[in-house]
Amino acid sequence: METFQSLLAKKLSDALAAAGLPDAGELTPATDQRFGDYQTNAALVLGKQRGENPRELAEKIIGHLNVGDLCEPPVVAGPGFINFTLRPGAIAEKTARILGDERLGVVETESPRRIVIDFGSPNVAKPMHVGHIRSTVLGDALARIATFLGHEVIRDNHIGDWGTQFGMVIYGWKNLLDQRALQQDPLAEIVRIYKETNALATSDPQVREACRRELVKLQGGDKENIDIWNECVAFSMQDFEHVYELLDIHYDIQCGESFYNDRLPGVVERLLKSGIAEISEGAVVVFFRDIPELADKPCIIRKRDGGFNYATTDIATIDYRLDDLKADSVWYVVGAPQTLHFKQIFEIARQQGYRADLRHITFGSILGEDRKLMKTRSGENVPLRGLLEEACRRARKIIDEKNPDLSEAEKIDVAQKIGIGAVKYADLSQYRMTDYVFSWEKMLSLQGNTAPYLQNAYVRIRSIFRKAGESWHRHPADEQVGWKPMPLQLGDSAEINLAKRLCQFAEIVPHVLNDFRPNILANYLFEVANSFHTFYEACPVLKSEEPVRGSRLALCDLTAKVLYRGLDLLGIKVPEKM
RNA sequence: GCGCCCGUAGCUCAACUGGAUAGAGCAUCUGACUACGGAUCAGAAGGUUGGUGGUUCGAAUCCUCCCGGGCGCGCCA
């Protein structure tokens, strides 16, 4: 199904051709309601190119525009914009058709790709903390949206389950472990011994050396150390799974760093053989002499002591994803501090001849109330699990106040949907590059541009349908077999605005992936909820007469569907009551 | 020192990638409750987009130089 935007873009293109003009400019939603619904700057661009008067060009283009079925007659405005205002009849017709479409008008991509999305990636022997929210929630939302648009998505959890920290964990396990504490709260005890060993190692060179030896034994396949490592990984995975269950985020594969161990020597060997890497000061290093930006920033892929580091692992990971998984594209949802690292390994991939689309999707840092960076290794981080449980507790408290009549089971379910939704939405509704100030109040506030506001709009609609009778009892997720689009009656400006908004869903969703910005979708959904509330105040639904009543119910129905689907694409659930 | 990112209303953030008079939400003020769920709605107030110079029909957006903040820069991940 074509969107208004794509329909008008085609008509514009036709008109330009008919006028003997080249394609130029773009057709976009109007920047302001006063300018109608859509606008094009084609005449401005052409005027500049050809040294002609833009307003005269605009008139000429309008003379060839054939949009009477969609719009009022287009008008020239300002320096030479052409403005389009949709006719209510066209909006009503489109709205009805979207209502009958399972995809709500969103067309699948014409060039589906296989995309590996690398997100989350917590470290073993450390609990997940607030710093993991952004990558996890953002990556999941992008995966959902890409899937909906017709791409084949592989969600990969690149767990940090290998590396020098295990020297310390194993040393601590052998020397500091408290068995009783391990049984009570395994991960907490592992974290404790890791932290204590870390402290010892910084002050005592002998401990540091002992940790290094444990690491070498682990890497050499020592049975005792491998067993300890396995246990630590298992305990950590249990903790991760609990968080993923709460978040309702699930992976297709979880190939952690250790998965690539036996591939590392081959990677280094191949890069040396092909001349991409060379030996420098005893280490194996890749230099980027031809790239000014990286010229003085070499990348070490084998340390002087023969050990591999995470650059080696990431190169092996790219090989695996492209050669074995046959990915066309890999998206790394990883914080901005690693920008240089990814530039390096992407460049190495390019030098090896890979032509896949590799993207580092960065995001800002999580800051504390003091506006300083929350440190990963400080040990003072807020555990993610506790944070999510706290969110649910706070949501529960509000539900108890606002809606005490719900059953206990409903309260538990609703509190989880609201609490988790609030945390996710807080992240997804803002531009990913800006730093995020962590704040309980901000995250859990149920006022304003928040998940609960959107959920409430949905709940109100569901409440209307509960009262409307049997024939309207379909759930928005249910299939609609045999739905016949019926003409809507759009009279009130609140109805027209809401309908236009709903038609834009198909324009917004694909746009999110242009720059990996779910906040565009979040803001759109907020506008939908806002338009709905305005409509809800201005236009009685159940009390109005047919055919207006049916038309308004249809509008409510589509609003519920758009909110349900839109929030689902963000990984946020909606309750039926709240 | 070099490189990357950021600076928008008192606060938290938008602005569909160069479009018209820069928009929301909190907070503040004024209205609307015998309510299709008020977790709402209508309205007011709030700005030299850090500063400067430039590019052009047009700049928060692009280029220059300053100011301020964050992050990174050979054997950690």
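Below, chains carry the letters A, B, ... as their sequence lines are ordered, and counting in each starts from 1. We use all heavy atoms of the structure for the numbers below, so side chains are in, but hydrogens, waters and symmetry mates are not.
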Item checked: Same-atom distance (P) from B:C16 to B:G23, integer angstrom -> 13 Å

Notebook entry, point to check: For A:N261 and A:S258, does a side-chain donor sit closer than 3.5 Å to a side-chain acceptor?
Noted result: no

Next item on the list: Report which part of the nucleic acid A:P337 touches: base, sugar-phosphate, or nothing (heavy-atom distance under 4.0 Å, all strands).
Entry: sugar-phosphate

Notebook entry, point to check: Which part of the nucleic acid, if any, lies within contact of A:T164, taking any heavy atom under 4.0 Å across all strands shown: a base, the sugar-phosphate backbone alone, or nothing?
Noted result: sugar-phosphate

Margin query: Just to be sure I understand the rule, does A:A311 reach a base, reach only the sugar-phosphate, or reach nothing, if contact means heavy atoms closer than 4.0 Å?
Written below: nothing

Next item on the list: Establish, with yes or no, whether the OP1 or OP2 oxygen of B:A39 is under 4.0 angstrom from a side-chain nitrogen or oxygen of A:K402.
Entry: yes

Item checked: A:D427 side chain to A:L138 backbone, donor-acceptor under 3.5 Å -> no

Item checked: Touch class at under 4.0 angstrom, heavy-atom based, for A:A283 against every strand present -> base

Check: When you measure from the side chain of A:S135 to the backbone N and O of A:F119, does any donor-acceptor pair fall under 3.5 Å?
Finding: no

Margin query: Is there a side-chain contact between A:T534 and the phosphate of B:C41, meaning an N or O under 4.0 Å from OP1 or OP2?
Written below: no

Margin query: Between B:C2 and B:C65, how far apart are the two P atoms, rounded to whole Å?
Written below: 11 Å

Next item on the list: Calculate the interatomic distance between A:H533 atom NE2 and B:C33 atom P; express it in whole Å.
Entry: 19 Å

Checklist line | Rounded P spacing from B:U48 to B:U61 in Å | finding: 16 Å

Check: Can you name the closest pair of heavy atoms from A:A201 and A:R208 and give their distance?
Finding: O-NE, 3.0 Å

Checklist line | A:R263 to A:Y260 six-membered ring, cation-pi geometry met (6.0 Å, 45°) | finding: no

Margin query: Once you apply a heavy-atom cut-off of 4.0 Å, does A:F526 come out as touching a base, just sugar-phosphate, or nothing?
Written below: sugar-phosphate

Notebook entry, point to check: Which nucleotide in the set B:G19, B:G3, B:G37 lies at the smallest distance from any side-chain heavy atom of A:Y536?
Noted result: B:G37

Note to self: Which nucleotide wins on minimum distance to the side chain of A:N403, given the candidates B:C4, B:G37, B:C73?
What the structure shows: B:G37

Note to self: Distance check needed: B:C11 P versus A:Q430 CD, whole Å only.
What the structure shows: 16 Å

Item checked: Polar side-chain contact A:E527-B:A24 base: donor and acceptor under 3.5 Å -> no

Next item on the list: Answer with base, sugar-phosphate or nothing: what part of the nucleic acid does A:N523 contact at a heavy-atom distance below 4.0 Å?
Entry: sugar-phosphate

Notebook entry, point to check: Among B:C75, B:G58, B:A39, which nucleotide sits nearest the side chain of A:I418?
Noted result: B:A39

Check: What does A:I464 touch in the nucleic acid at a heavy-atom separation under 4.0 angstrom: a base, only the sugar-phosphate, or nothing?
Finding: base

Notebook entry, point to check: Quick one: are the ring centres of A:F81 and A:F35 less than 6.0 Å apart?
Noted result: no

Note to self: Of the options B:G58, B:G37, B:A42, whose atoms approach the side-chain atoms of A:K577 most closely?
What the structure shows: B:G37

Check: For atom P, what is the distance between B:A9 and B:U52, given to the nearest Å?
Finding: 16 Å

Notebook entry, point to check: How many Å lie between CG on A:D161 and C1' on B:A77, as a whole number?
Noted result: 12 Å

Notebook entry, point to check: Hey, does the side-chain of A:N83 have a donor or acceptor N/O within less than 3.5 Å of a partner on the base of B:A20?
Noted result: yes

Note to self: Could you tell me how far apart A:D557 (CG) and B:C36 (C1') are, to the nearest whole angstrom?
What the structure shows: 15 Å

Note to self: On the nucleotide B:C13, are OP1 or OP2 found under 4.0 Å from the side-chain N or O atoms that A:S429 carries?
What the structure shows: no

Margin query: Side chain of A:P452 only, heavy atoms from C-beta on: which candidate in B:G37, B:A39, B:A20 is closest?
Written below: B:A39

Check: Which part of the nucleic acid does A:A30 contact within heavy-atom distance under 4.0 Å: base, sugar-phosphate only, or nothing?
Finding: base

Margin query: Both A:A77 and A:G160 contact RNA chain B. Which one's nearest nucleotide lies toward the 5' end?
Written below: A:A77

Checklist line | Presence of A:K467 side-chain N/O under 4.0 Å of B:C36 phosphate oxygens OP1/OP2 | finding: no

Notebook entry, point to check: Between atom CG in A:N497 and atom C1' in B:C41, what is the gap in whole Å?
Noted result: 15 Å

Next item on the list: Mark yes or no for whether A:H360, through its side chain, and A:V334, through its backbone, hold a donor-acceptor pair below 3.5 Å.
Entry: yes

Checklist line | Between B:C63 and B:A45 - C1' atom distance, rounded Å | finding: 37 Å

Margin query: With a 4.0 Å limit, can you tell me whether A:N530 has a side-chain N or O closer than that to the phosphate oxygens OP1/OP2 of B:C41?
Written below: yes

Check: Using Watson-Crick pairs (N1 to N3, plus N6-O4 or O6-N4) and G-U wobble pairs, both distances under 3.5 Å, which stems of at least 3 pairs involve RNA chain B?
Finding: B:1-5 with B:69-73, B:10-13 with B:23-26, B:28-32 with B:40-44

Notebook entry, point to check: Rounding to the closest angstrom, what is the interatomic distance between B:G18 and B:C5 at atom P?
Noted result: 15 Å

Notebook entry, point to check: Rounding to the closest angstrom, what is the interatomic distance between B:A59 and B:C41 at atom P?
Noted result: 35 Å

Item checked: Residue A:E26, side-chain heavy atoms: nucleotide from B:G58, B:G3, B:U17 that is nearest -> B:U17

Check: To the side chain of A:K297, which of B:C13, B:C73, B:U40 is closest?
Finding: B:C73

Notebook entry, point to check: When we call it a touch if two heavy atoms are under 4.0 Å apart, what does A:D515 touch: a base, just sugar-phosphate, or nothing?
Noted result: base

Note to self: Is it the case that the side chains of A:N497 and A:S531 hold a donor-acceptor pair, with the cut-off being a distance below 3.5 Å and no angle test?
What the structure shows: no

Checklist line | Closest to side chain of A:Q338, choosing from B:A20, B:C57, B:A77 | finding: B:A77

Item checked: Under 3.5 Å donor-acceptor, A:Q455 side chain and A:K417 backbone -> yes

Next item on the list: Pick base, sugar-phosphate or nothing for A:F287, based on heavy-atom distances below 4.0 Å to the nucleic acid.
Entry: base

Check: Rounding to a whole Å, what distance do you find between A:E537:CD and B:U40:P?
Finding: 10 Å

Notebook entry, point to check: A:Q39 side chain: which of B:A77, B:U40, B:G19 is closest?
Noted result: B:G19

Check: Picking from B:C73, B:A15, B:A77, which would you name as closest to the side chain of A:N309?
Finding: B:A77

Notebook entry, point to check: Considering only the C1' atoms, how many Å lie between B:C57 and B:G50, rounded to the nearest integer?
Noted result: 28 Å

Note to self: Applying a 4.0 Å non-hydrogen cut-off, can you work out what A:Q455 is touching in the nucleic acid: base, sugar-phosphate, or nothing?
What the structure shows: nothing

Next item on the list: Inspect the contact between A:K397 and A:E401 and indicate whether a charged nitrogen and a carboxylate oxygen are less than 4.0 angstrom apart.
Entry: no

Next item on the list: Select from A:E281 and A:N519 the residue whose nearest nucleotide in RNA chain B is closer to the 5' end of that strand.
Entry: A:N519

Check: Looking only at side-chain N and O atoms, does A:Y453 come under 4.0 Å of OP1 or OP2 in B:A24?
Finding: no

Notebook entry, point to check: According to the interplanar angle, ranging from 0 to 90°, do the rings of A:Y536 and A:H533 count as parallel (below 30°), tilted (30 to 60°) or perpendicular (above 60°)?
Noted result: perpendicular

Next item on the list: Evaluate the side-chain proximity of A:I508 to A:I520: yes if any heavy-atom separation is below 4.5 Å, no if none is.
Entry: yes

Next item on the list: Indicate syn or anti for B:U12, taking the glycosidic torsion and treating anything within 90° of 0 as syn.
Entry: anti

Checklist line | d(CD, A:Q49; P, B:C57) in whole Å | finding: 13 Å

Note to self: Rounded to whole Å, how long is the line connecting atom CE of A:M433 with atom P of B:U12?
What the structure shows: 18 Å

Notebook entry, point to check: With a 4.0 Å cut-off on heavy atoms, is A:C556 in touch with a base, just the backbone sugar-phosphate, or nothing at all?
Noted result: nothing

